[in-house]
There are 2 protein chains.
Amino acid sequence: MTDSPPRTRIQARNRATILEAALEVFAAHGFRGATIDRIAQAAGLSKPNLLYYFRSKEALHLAILEDLMDLWLAPLRGMDPEGEPREQILTYVRRKLEMSRDHPRESRLFANEILQGAPRARPVLEGELKSLVDEKAAVIAGWSASGRIGPVDPHHLIFSIWALTQHYADFEVQVGAIMGGTDPYPAAEIWLEQVFGAVLAPPGETG
Amino acid sequence: MTDSPPRTRIQARNRATILEAALEVFAAHGFRGATIDRIAQAAGLSKPNLLYYFRSKEALHLAILEDLMDLWLAPLRGMDPEGEPREQILTYVRRKLEMSRDHPRESRLFANEILQGAPRARPVLEGELKSLVDEKAAVIAGWSASGRIGPVDPHHLIFSIWALTQHYADFEVQVGAIMGGTDPYPAAEIWLEQVFGAVLAPPGETG
DNA sequence: CGTGATTTTTACCGGGCGGTCAAATCGATG
DNA sequence: CATCGATTTGACCGCCCGGTAAAAATCACG
């Protein structure tokens, strides 16, 4: 009754509302810090009513995680082995940065999960994520070996892209405290292009 | 009775033990996820006994935060305006990476705090941290303007150093899942030197 | 508009958590 | 070894939280 595609209009609407509210609350307070009551309130429902749609807090969190995975990995999946290497990687960087700007809650929810030791997401990390990363790392290694980009450590390059882009979402408060009221994203976009442009440049070139 | 320098040997020993245990538990579970009971147990004390040394969970967390601040900002403070620019920055990167390797719990505790919106650390961010960062950013800007390093955005350069180095502590589980059992730090050190070396290079130079 | 399924509400439970209190124990000092 | 402060313990409180049960309200459909 709680799983499987929604059978009624009400179910579809409420499940979506709940997921949205839960994303907000989980991202802001982490799993333990979030309470069903708060999520229900944010969704405009009573607690038992929410539990009518999701068996448990755990199930709700898991549902979000699954929903998010596709969105989250899309930019990396979109990196085309047949494309122009430098452009592919810089596009990946740009799309990841847009992800932080447009979906900071998703970023913080993931960050929370990983920080706590990924108690719920570990299978995904070791399965889907690892194989995708290994696949794309191989592509980058190929580009690097053929001299189309400079010599790079593909895995650490990917880590760097994650770290640099997600930082603006996950540590938003800190960035904000230091930058005052200034929106960091325009400058960040330019900066990240500069950083990765420099790293990817084949030896002997100058930007 | 709970504040001020410890008056007895027992107090000094127990306060230290508690802080150590609390660091462990707070880093692993966040503020809300950590329980006084768990911390007390990890410290080998009873819950009321712990509360004899720290008035409340809040006070304990705050004490840790204060204790940590010096350790945490030391690498940035150590950046010498009179030193050789490239070396100063690369040394900062190296020291920050060592911080992630040798003090991952501290890193994760901070990350947790910031992620939750820095409810307890915000004053420090907007005061001490901001002024230190602004000061060092000005130094870097000077180096950049005088052409001793390439043109960089000082604030975003600092953010990048934080993001890249802390990533290895805060997202350790994810890095571990992808790298298998391999220790990422040796490769990370080389990689980060490569990255920042490339970014800092004055135009026209080649590494 | 009646009827059966769906949705929502009200009331509640058991456990855990932050914190208190008073009594008991320990430990240094004379 | 007596004494007094420092330390530790056990018992407890009130609140919140995740989750349940069953009745009540609502809805879709003939």
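Letters A, B, ... are given to chains in the order of the sequence lines, protein chains preceding strands, and every chain is numbered from 1. The shown structure was predicted, so the numbers you read here are calculated from the model rather than taken from an experiment.
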Take the protein atom NE2 of B/His61 and the nucleotide atom P of C/dG19, then report the distance between them rounded to whole Å.
13 Å
Side chains of residues 114-127 of chain A: which donor-acceptor pairs under 3.5 Å do they make with residues two or more places apart or in other chains?
| residue | atom | partner | partner atom | Å |
| --- | --- | --- | --- | --- |
| A/Gln116 | NE2 | B/Asn112 | OD1 | 3.0 |
| A/Arg120 | NE | A/His61 | ND1 | 3.3 |
| A/Arg122 | NH2 | A/Gly117 | O | 2.9 |

Who passes side-chain hydrogen bond (donor to acceptor under 3.5 Å, both in side chains) against A/Arg77, sequence neighbours left out?
A/Glu128
Can you name the residues that form a side-chain hydrogen bond (donor to acceptor under 3.5 Å, both in side chains) with B/Trp72, not counting sequence neighbours?
none
Contact letters for nucleotides 6-17 of chain D, in which S counts primed atoms plus P, OP1 and OP2 and B counts the base, heavy atoms under 4.0 Å
SBBBBB-----S
Hey, does the side chain of A/Ser100 reach the backbone of A/Thr165 with a donor-acceptor pair shorter than 3.5 angstrom?
yes
Once salt bridge (Lys or Arg N to Asp or Glu O under 4.0 Å) is applied, do any residues pair with A/Glu84, and if so which ones, sequence neighbours excluded?
none
Interatomic distance where CZ belongs to A/Phe54 and C1' belongs to D/dT20 [whole Å]:
19 Å
Give the rounded distance in Å between these two atoms: CD of B/Gln41 and P of C/dG16.
13 Å
Can you check the A/Leu51 CG to C/dT10 P distance for me, whole Å?
16 Å
Donor-acceptor pairs are to be reported for all side-chain atoms of residues 186-196 of chain B against protein atoms at under 3.5 Å, with residues two or more places apart or in another chain.
| residue | atom | partner | partner atom | Å |
| --- | --- | --- | --- | --- |
| B/Trp191 | NE1 | A/His156 | O | 3.3 |
| B/Trp191 | NE1 | A/Ser160 | OG | 2.7 |
| B/Gln194 | NE2 | A/Pro151 | O | 2.6 |

